[in-house]
Each structure stands twice: as structure tokens, then as C-alpha cells.
There are 2 protein chains.
Amino acid sequence: MADGQNVSESVTDRARSAATEAASGRDSEAVSRFVERFASQLVEAGMQRMPARVFAALLSSDTGVMTSAQLGEQLRISPAAVSGAVRYLSQQHMVSREREPGSRRDRYRVHSDQWYEAVTNRDAVLRRWEDALREGVQQLGADTPAGRRLAETLAFFEFLQGEIGRLMERWRAHRAELFGGGRAEI
Amino acid sequence: MADGQNVSESVTDRARSAATEAASGRDSEAVSRFVERFASQLVEAGMQRMPARVFAALLSSDTGVMTSAQLGEQLRISPAAVSGAVRYLSQQHMVSREREPGSRRDRYRVHSDQWYEAVTNRDAVLRRWEDALREGVQQLGADTPAGRRLAETLAFFEFLQGEIGRLMERWRAHRAELFGGGRAEI
DNA sequence: CGGTACGTTCACAAATTTGTGAAGTTAAGG
DNA sequence: CCTTAACTTCACAAATTTGTGAACGTACCG
């Protein structure tokens with residue numbers, strides 16, 4: 001049995017939180033406030049609640065890495081809910097899942113660059129929109145008023161897709177300028 | 001009583017559709033296919049179903065203008081559903097509402113430029129995200145690992161907001177090149 | 001090998017969202 | 001003015017989504 005882990009987990013949640021908080025100097029109240037506030041903004045933008053909360057929790061964790069158990073405890077949700085949320089986030093490439101060798105615990109990580117690239121990577125979404133529009137132009141006829149309107153919309157999205165790549169390039173440069181060129185992993 | 005309008009509306013839906021279709025040469029089957037397909041993509045991206053369908057219907061209409069009654073008939077939804085959908089779309093600046101003087105009918109219009117500008121105008125959303133992040137940085141401390149991660153995220157969104165304006169400028173130039181400089185209203 | 005700590009899946013109950021019919025409101029037209 | 005055509009609002013029923021508990025699979029550890 002992995003005693004080191006059990007010692008820390010056999011104490012009550014409250015005591016554990018207090019200990020953790022004292023050790024890290026983090027105000028869990030403040031963390032929670034941020035998590036709920038930021039998550040609610042993500043929800044408003046169309047994200048499901050649990051993924052949003054899990055993501056916010058990870059984003060505001062000190063190391064950027066948390067286990068399922070930690071997420072469940074901090075957010076007061078069931079293992080099943082954590083499971084569903086992290087599956088969604090993985091699919092969206094907003095977190096990556098790791099398992100430390102010799103452990104049964106999955107760890108979930110936000111790479112601070114990876115995640116906002118995922119947000120701008122609406123590539124798949126854009127492509128599906130474009131497909132639908134292309135088909136619409138064809139079915140309605142490129143020479144009809146409606147067809148022309150759809151074609152212009154399509155052109156816009158194609159333009160957008162091209163620009164996004166260049167924009168991210170500029171961001172990386174800007175980022176290096178702001179935070180230093182080193183690939184500091186946070 | 002406005003007889004001209006009543007004549008066209010007293011015939012059955014089916015007859016009316018057939019007449020309209022023959023007159024305009026539009027294949028209502030094809031229109032409907034596009035509407036439902038494009039709408040479902042919008043839904044997948046987070047939009048509610050009725051607004052998405054109404055928007056797609058307007059986008060694929062020949063004039064870009066439809067009345068409540070026309071929308072209800074084409075989509076087979078109640079006046080109440082139309083009302084809710086267009087209210088939402090107006091708030092998002094994706095359609096504009098007009099009333100022709102001397103009529104009781106509202107008309108809803110997509111300006112082919114207005115609408116995608118609205119899509120990129122996530123300004124309000126971005127601003128709320130930034131607010132939440134700024135508060136998070138302050139509460140967690142700018143000198144903590146979590147604080148630094150939030151600060152970088154915040155910087156990214158601020159960067160993004162600045163870039164979007166320039167990007168839209170470039171689009172307008174590109175658009176003029178593709179479709180001619182005239183402000184052809186479609 | 002056996003025990004056990006984890007994560008996942010599934011069926012279900014609760015909560016939320018969605019769209020409708022009906023009543024209410026406003027304004028045009030006789 | 002009175003009628004009527006339009007849009008809106010509201011309460012409710014239906015459908016969908018959401019999160020849970022429990023059963024299940026899997027792999028570590030002694």
C-alpha cells in the first residue's frame with residue numbers, strides 16, 4: 001500500500017484543505033471565487049458547466065496539474081462528473097492527460113500555451129461551416145442573390161482561417177517579448 | 001384592409017409555397033436542406049436552435065429580408081418561437097429589425113457584412129473574460145505560478161482584441177478585391 | 001495471486017431548457 | 001371609435017441535458 005498517499009488522504013477533507021492551504025499560502029476562498037467566476041463566463045460562451053469548472057480549476061492551480069481526486073474534492077463533484085469533464089477537455093485539446101509511471105492516478109495538465117491555441121483552433125468548426133456554405137451556394141446557384149450572399153460569407157471564413165495562422169505567429173513573438181524568450185513551462 | 005396582402009395569404013400554405021416557388025424558381029427543398037444543415041452547425045458551436053434556424057433561413061433568402069409570418073411558415077414554428085429567436089438575434093446584432101411605415105409587419109434583415117462582423121465582435125465576451133482574469137491575477141498574486149499563468153492568458157486576450165480590428169480592416173480590402181469595391185447591399 | 005485503489009460506464013432522477021397555445025398589447029384602417 | 005392584424009408575454013408540458021450512485025473493469029502492490 002502506498003502509505004504516503006494514504007496518510008494525506010485519511011484525514012478529513014477540511015483538515016486536509018487547511019493543511020494544504022497553510023503549506024502553500026493559497027487562499028482557497030479566492031481560488032474558488034475565480035474558478036466560479038471564470039467558469040461562468042465560459043458557460044455563457046457556450047461551454048458545458050463541468051468542463052468549464054474543471055478547466056478553470058486547473059488554470060488557477062499552482063502547478064497546472066491536478067488529479068481526478070483533487071478536482072473532485074475542490075469542486076465537490078463526483079468522480080463520474082470529473083471523468084466526463086476531462087474527457088471533453090481532452091478531446092478539445094484543452095488539457096492533456098498523463099499518468100505517472102507506477103501509479104493508478106491520472107493527472108490532468110494545462111499547458112499555458114496549448115490551451116489558448118485550442119481556443120483559437122476553431123479550425124474544425126470553421127471547416128464544417130465552410131462545407132455547409134459551399135453546398136448551399138451550389139444548391140441555390142452561384143448566380144442567385146442568396147447564392148452570392150452565401151458565397152461572400154464563405155469567402156470571409158476562408159479568409160479568416162488563413163489569417164488565424166499568421167495571427168498566432170505574431171502572438172508567439174509578442175509573448176516572447178513580454179515574458180522572455182525561454183519556453184518557460186507554466 | 002390591405003387586400004393585396006390578404007389575397008396571397010388566404011390561399012393554403014401548400015398552394016402558396018408552390019406559387020412562390022414557381023415564381024421565384026427556387027427549390028424550397030434545397031433551401032430547407034441548407035437551412036437545417038447550416039443551423040445544426042451553428043447549434044453545435046453553441047447557438048440555440050431557433051435563433052440558428054431563423055438566421056440560416058434569412059441568410060439563404062433571396063432578398064435577405066423576411067417577415068415573422070414568412071419565417072414561421074417556412075420553419076413551421078409558432079409566432080412565439082419566431083419572436084424569441086429574432087429578439088436574440090437582434091441583441092447579438094446578427095439581424096436588424098425594420099418596420100415599413102404604414103404596416104404592422106416587422107421585417108428582419110441580414111446585412112451580409114453586418115452579420116459576420118457580429119460573429120467576430122466577441123468584444124463583449126473577451127472583455128468579460130479579461131475582467132475575470134484580471135481579478136484572478138490580483139487575488140492569487142501576480143508573483144505566484146498560478147498568477148503568472150493567468151497573466152499570460154490575459155495578455156493573450158488583450159493581444160487578440162487588438163488584432164481583430166486590424167484583421168477586419170484587411171478583410172474589407174480583400175472583400176473589395178474579390179467582389180468589387182461597390183457597397184453592393186446583399 | 002489477492003487485495004485494493006482508481007477510473008469509467010450505465011441507468012436513472014433532478015433540473016433546466018425549449019417551444020407552444022392562449023391571453024394581452026399596440027397600432028393601422030375603415 | 002371599433003375592428004382587426006400583427007407582435008409579445010406568460011404559464012405550462014415536453015424534451016433534453018446534467019450529475020449522481022452503483023456496478024464494473026483494470027492495473028498496481030505486497
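Order of the sequence lines fixes the chain letters, A, B, ..., with proteins taken first and strands second; residue numbering starts at 1 for each chain. Heavy atoms only: backbone and side chains are in, while hydrogens, waters and symmetry mates are out.
- Using a 30° and 60° split on the angle between ring planes, F156(A) and Y116(B) fall in the parallel class, below 30°.
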Protein within reach of the bases, or only the backbone? For nucleotides 16-21 of chain D, mark each nucleotide 5' to 3' as B, S or -, using heavy atoms under 4.0 Å. --SSBB
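- A 4.5 Å side-chain heavy-atom check between L167(B) and F159(A) finds at least one atom pair inside the cut-off.
- Backbone-only contact: G102(B) has heavy atoms under 4.0 Å from sugar-phosphate atoms and none from a base.
- Smallest separation of non-hydrogen atoms from G147(A) and V137(A): O-CG2, 3.9 Å.
- Within a 6.0 Å sphere centred on CD of Q138(B), other residues, nucleotides and ligands contribute 12 heavy atoms or fewer.
- Applying a 4.0 Å cut-off to non-hydrogen atoms, none of the residues of residues 31-38 of chain A approaches DNA chain C.
- At a threshold of 4.0 Å, the pair R166(A)-E163(A) counts as salt-bridged, since one of the basic side-chain nitrogens sits closer than that to a carboxylate oxygen.
- Put simply, CG on L71(B) is 14 Å from C1' on dA6(D), counting in whole angstrom units.
- Under a 4.0 Å N-O distance rule, the pair E152(A)/R149(A) does not qualify as a salt bridge.
- The CE-P distance, from M66(A) to dC6(C), rounds to 15 Å in whole Å.
- Side chains of R134(A) and E158(A) form a contact here, defined as non-hydrogen atoms less than 4.5 Å apart.
- Looking only at distances, a side-chain donor or acceptor of D62(A) sits under 3.5 Å from a matching main-chain atom of A146(B).
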Protein N or O to nucleotides 23-27 of chain D N or O, pairs below 3.5 Å:
none

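- If you measure from atom CG of D106(A) to atom C1' of dC6(C), you get 8 Å, rounded to the nearest angstrom.
- Within the nucleic acid shown, S68(B) comes within 4.0 Å of sugar-phosphate atoms alone, with no base atom in reach, counting heavy atoms only.
- When heavy atoms are screened at a 4.0 angstrom cut-off, R97(A) is found touching the sugar-phosphate backbone but no base atom.
- No donor-acceptor distance shorter than 3.5 angstrom exists from the side chain of R49(A) to the backbone of A39(A), with no hydrogens or angles considered.
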Decide yes or no on salt bridge (Lys or Arg N to Asp or Glu O under 4.0 Å) for R128(B) and D131(B), but give the supporting numbers first. CA-CA 5 Å; R128(B) 284 198 301 274; D131(B) 288 345; over 6 Å; no
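- Rounded to an integer number of Å, the gap from CD of E73(A) to P of dA5(C) is 17 Å.
- The side-chain heavy atoms of R172(B) and R175(B), taken from C-beta on, include no pair separated by under 4.5 Å.
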